[in-house]
Amino acid sequence: MTFVIAIDGPAAAGKGTLSRRIAEQYGFHHLDTGLTYRATAKALMDAGLPLDDEAVAETMAREVDLSGLDRAVLSAHAIGEAASKIAVMPAVRRALVEAQRAFALKEPGTVLDGRDIGTVVCPDAAVKLYVTASPEVRAKRRHDEIIAGGGKADYTAIFEDVKKRDGRDMGRADSPLRPAEDAHLLDTSEMSIEAAFQAAKTLVDAALKEKI
Ligand code: DC
C-alpha cells in the first residue's frame, strides 16, 4: 500500500509551500487539489458557460487532466473565487474526488493538499495535517506575496476576501473544511515555513518508522 500524506487547511495558510517541500523531501508525488477545482472553473469560464449549472460543471470536472495543471495560470484571483463557487456542488466534488483518489495510489507515496483530504478523499492517510493560521496573518502573507511579485495590494480588501472564502469553504454542506479527528494541528501564525516543515517532518518520520 502506498504512503499517503493528507494536508488540509484554509486558503493562504501555507499548506501549498509545505506540501511541496514534504513531497520533495520524501520523493513523493504531490497534488494540489485546489488546482483541480480551479481548472474546472477556468474551463467553464473559457467556454463562456455558467458557474451554477451542476450538470455542465460535472462534465467539465470529468475532463480535467491532472497532469496538465498549471499553477501560474490557475492562481488568478478570479479563478479562485469561481472555484470556491463550483466546489459547493456535490456532482463536481464526486468527479474530482474520484480523480484525486486515483492519484493518491501512486507509488512510492503521495502528498495531497486541499480542504477535505483527511476527511473525505483519503480518510485512511498515514499522516494527516491541518495547517492553519489566523485570518490576519494569512491576509498579510498574501498581501506581502503580491507586493513582492511587483503587484498592487490592499490589505483590508484581502482580509475581507480571506474571511469570505473561509465562510464559503467551512459553511458548505458537502465536505466542508474542518480538521479530521485524527489530524495533527499545525498553527503557523507565529511559525516560519522552516519550523512548520520540521514539525511536519517529525510526524512523517514517525509514521514511516511505524510502517516498516
Ligand atoms: O486552495 P485553493 O485556493 O486553490 O482552492 C480553491 C477553491 O477550491 C477553494 O475555495 C475551495 C475549493 N477546494 C475544495 O473545495 N476542496 C479541495 N480539496 C480543494 C479546494
Side-chain angles (χ1 to χ4, degrees), residues 4-20 22-23 29-45 51-52 54 57-58 60-62 64 66 68-104 110-125 128-133 135 137-139 141-143 145-146 158-180 183 186 188:
V4 181
I5 303 173
I7 304 187
D8 291 301
K15 62 184 189 307
T17 313
L18 182 64
S19 303
R20 281 190 292 279
I22 293 174
H29 306 275
H30 171 235
L31 178 64
D32 172 351
T33 61
L35 294 182
T36 66
Y37 290 90
R38 286 172 180 264
T40 306
K42 181 172 187 297
L44 288 167
M45 289 157 79
L51 293 171
D52 58 359
E54 190 159 352
E58 181 190 359
M60 282 301 190
R62 293 203 179 272
V64 168
L66 263 53
L69 300 170
D70 185 339
R71 196 157 72 92
V73 171
L74 296 172
S75 67
H77 179 256
I79 299 178
E81 276 293 298
S84 136
K85 284 179 192 153
I86 58 144
V88 304
M89 297 172 175
V92 170
R93 302 201 69 83
R94 270 197 304 276
L96 295 178
V97 166
E98 255 175 49
Q100 293 160 9
R101 283 187 179 143
F103 181 95
T110 49
V111 180
L112 279 79
D113 74 270
R115 305 288 191 285
D116 60 343
I117 310 303
T119 51
V120 175
V121 182
C122 303
D124 297 328
K128 297 182 186 179
L129 299 178
Y130 188 84
V131 183
T132 186
V137 167
R138 287 186 282 130
R141 282 187 193 151
R142 180 135 296 171
H143 172 270
E145 225 173 69
I146 298 170
I158 296 173
F159 180 60
E160 289 308 319
D161 208 62
V162 161
K163 285 198 296 185
K164 196 169 77 190
R165 181 78 68 87
D166 281 0
R168 216 182 273 146
D169 292 347
M170 294 174 186
R172 66 172 176 240
D174 188 352
S175 319
L177 168 65
R178 62 175 178 81
L186 212 55
T188 67

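Note that ligands are numbered from 1 as they come in the structure, with each ligand's atoms numbered from 1 the same way. Below, each value reflects all heavy atoms present in this structure, side chains not excepted, and no hydrogens, waters or symmetry copies.
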Within-shell test, R168 vs ligand 1, heavy atom, strictly < 4.0 Å: no

Residues that D116 engages under salt bridge (charged side-chain N to carboxylate O under 4.0 Å, His left out), provided they are two or more places apart: R93

R38 contact mode with ligand 1 (heavy-atom cut-off under 4.0 Å): side chain

Closest approach of any protein heavy atom to atom 5 (O) of ligand 1, naming residue and atom: R115 NH2, 3.6 Å

Mode of R172 contact toward ligand 1 - side chain, backbone, both, neither (heavy atoms, under 4.0 Å): side chain

Close approach of R93 to ligand 1, heavy atoms, under 4.0 angstrom: yes

Ligand 1 atoms in contact with D116 (distance to a heavy atom under 4.0 Å): 16 (N), 17 (C), 18 (N)

Minimum heavy-atom distance between A104 and C122, given as atom pair plus value: CB-SG, 3.7 Å

Taking atom 8 (O) of ligand 1 as the reference point, the nearest protein heavy atom with its distance: Y37 CB, 3.5 Å

Test item: I22 and I7 side chains (from C-beta on) under 4.5 Å apart, heavy atoms: yes

Residue, atom name and distance, where the atom is the protein heavy atom closest to atom 11 (C) of ligand 1: D169 OD1, 3.3 Å

N/O separation below 3.5 Å, T33 to ligand 1: yes

Separation of R138 CZ from R141 CZ (nearest 0.5 Å): 9.5 Å

Ligand-side contact atoms (ligand 1) for residue partner G114, heavy atom cut-off under 4.0 Å: 18 (N), 19 (C)

Ligand-side contact atoms (ligand 1) for residue partner G34, heavy atom cut-off under 4.0 Å: 4 (O), 5 (O), 19 (C), 20 (C)

Pairs meeting criterion side-chain hydrogen bond (donor to acceptor under 3.5 Å, both in side chains) with involvement of residues 72-89, two or more places apart: H77-D161, S84-R168

Beyond-backbone contact of R62 with E58, side-chain heavy atoms, under 4.5 angstrom: yes

Contact check, side chains of D113 and L129, non-hydrogen atoms, under 4.5 Å: no

Side chain to side chain, L177 and Y130, heavy atoms closer than 4.5 Å: yes

Mode of A87 contact toward ligand 1 - side chain, backbone, both, neither (heavy atoms, under 4.0 Å): side chain

